[in-house]
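Note on naming: letters A, B, ... go to the chains in the order of the sequence lines (proteins, then strands), and numbering restarts at 1 for each one. Below, each value reflects all heavy atoms present in this structure, side chains not excepted, and no hydrogens, waters or symmetry copies. Here the structure is a predicted model, which is why all the values come from computation and not from measurement.
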Amino acid sequence: MSAMKVVANLEICQGHARCAQICPELFTTDVEQGKVVLRQVQIPADLEEQARLAVANCPEGALRLARNSGSGS
Amino acid sequence: MSTSQLTPVPPHVPPHLVLDFDFFAVPPGLRDPFDKWQALVDTGAPPIFWSPRNGGHWTFLGYEAIREAYRNHESFSNRHQSIPKTEGWPVLQPNGVDPPEHSKFRNLLTPLFTPAAIASLQGEIRRRTRVLLDDFVADGHCDFVAQFSGKLPTGLFIHLMGMDEGRLGEFIALADFFMRVEDPAAKAQNAREIYGLLDEFFRAKTAHLGEDIASLLIRTRDTPGSGVSHEEVINCAFLLFVAGLDTVTSTMTCIWRYLATTTDARRQIAGCLSQPNELNRAIEELIRYYAVSSIYRRVTRDMTFKGVTLKQDEMVVLPDNLANRDPAVFDRPRDIDLRRKVNPHLTFGLGVHRCIGSHLAKLEISTALQEWLPRIPDFRLVEREPIKIFAGPVMGFRSLPLAWEVHAAKVLMRS
């Protein structure tokens with residue numbers, strides 16, 4: 001695992017699904033509203049770069065990366 | 001070629017923010033509709049300026065201002081927005097209303113346009129694309145707008161609404177006119193004809209419900225207590241007709257024009273047609289660069305926005321293309337980089353009114369590329385005469401004559 005986790009704000013998400021396109025390993029969308037669904041919160045080290053790109057490409061700013069706090073989840 | 005009248009500048013607008021810019025005009029000699037916008041930036045237009053043309057309105061030029069306007073529907077409303085202001089224009093559902101009213105139709109339609117729902121249309125889009133291609137591949141030439149990009153979205157509208165395929169020709173003619181007509185009276189007449197056709201269709205459809213958008217709208221209308229009227233249903237269908245039509249047509253036309261003149265890009269895209277990640281990245285870049293829509297909003301209250309005094313009921317134009325070419329956000333924004341990694345473009349808008357059809361539009365483009373490039377790997381622009389350009393809320397080219405060597409094209413390709 002990397003030291004990072006991903007946080008999604010569903011109030012802001014409008015279902016552009018850019019994240020799911022860029023990093024389908026971490027993100028998908030729900031069938032009803034098309035909003036982001038996190039497949040996993042913790043980011044595996046080998047997906048950190050993709051996760052960063054997913055965050056950077058969200059035009060709504062609905063995603064962010066956060067550092068894991070000490071003891072893990 | 002400015003045709004609209006100048007209206008007096010309101011007293012709260014300082015002279016240094018006034019610029020004579022006609023949103024609808026096509027300056028003589030313009031060869032690319034985006035150049036008109038780029039020229040504004042290059043000549044140092046204020047990032048928020050007032051134009052006295054078309055009834056007088058604001059235009060926001062930068063990514064941040066456009067983004068904020070999109071996200072703040074309480075200050076920048078979709079209700080009764082048109083430039084110039086038009087009385088009696090129907091309230092389109094759900095695009096013409098704001099929350100909470102907005103959610104009535106939006107929530108109804110959203111599940112039909114999620115990535116999962118749209119993915120199920122892949123086969124239908126592919127089939128329609130092949131039918132269009134079969135018609136002209138052997139000719140060695142086509143008018144891309146008349147024979148391809150103008151037809152695909154209309155065909156899909158017919159399919160999604162559960163309309164009789166026999167009406168396709170009729171709808172293509174109406175859509176074609178809708179996109180080409182400039183005279184306001186003729187445009188209004190055309191809109192009335194589309195409304196008439198939709199009204200008649202919905203009345204007849206009520207007796208033959210199926211699994212399509214029209215049936216869903218009718219079932220909702222006829223559910224006691226739904227609060228959905230026949231008129232609203234037609235306004236919703238009209239929105240789906242116009243919103244997914246000239247936008248997709250124009251975007252595809254811009255992309256194919258670029259490909260016709262850029263061999264490297266054709267090769268690059270042809271090389272990644274079966275790699276979704278790379279293909280998607282290329283398409284996101286093309287729709288960033290060729291964002292054909294400029295969106296209207298109405299100011300709901302007097303306020304100061306980024307240092308500028310805006311008054312209630314003033315109109316604002318948000319040109320997506322300039323947001324997407326803002327150097328503050330995009331690295332080398334005037335280059336098309338099909339491998340661009342950071343690309344939070346605003347082509348589909350933002351916030352509650354985010355284009356509901358974005359996933360459909362992208363699937364149409366990707367499928368069209370997947371079907372076109374293997375059959376017509378090389379094609380060129382036929383520059384007979386300057387191609388007619390149109391400007392306004394959607395900009396683009398009225399036609400796009402393309403040609404290719406028939407021996408190089410796969411005339412028959414059946415899987």
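The residue among B:A116, B:A117, B:S358, B:P115 with the most heavy atom pairs within less than 4.5 Å of chain A is B:P115.
Within the 4.5 angstrom heavy-atom criterion, only backbone atoms of A:I22 (N, CA, C, O) approach chain B. With a threshold of 4.5 angstrom between heavy atoms, B:R67 approaches chain A through side-chain atoms but not through N, CA, C or O. Heavy atoms closer than 4.5 Å to chain A are found in the side chain of B:N277, but not in its backbone. Interface remark: B:V352 contributes backbone and side-chain atoms alike to the contact with chain A (heavy atom separation under 4.5 Å). With a threshold of 4.5 angstrom between heavy atoms, B:L350 approaches chain A through its backbone and through its side chain.
Taking 4.0 Å as the cut-off between side-chain N and carboxylate O, B:K104 and B:E232 count as a salt-bridged pair.
Aromatic rings of B:F305 and B:F76 (six-membered ring for Trp) have centroids within the 6.0 Å cut-off, being under it.
Counting only N and O atoms by type, the side chains of B:T110 and A:E32 include no donor and acceptor under 3.5 Å apart.
For the side chain to side chain donor-acceptor pair (under 3.5 Å) with B:H345, the qualifying choice from B:E285, B:E284, B:R325, B:R288 is B:E284, the only one to do so.
Under the side chain to side chain contact (heavy atoms under 4.5 Å, CB included) criterion, B:D98 pairs with B:H73, B:S77, B:N78, B:R79, B:H353, sequence neighbours left out.
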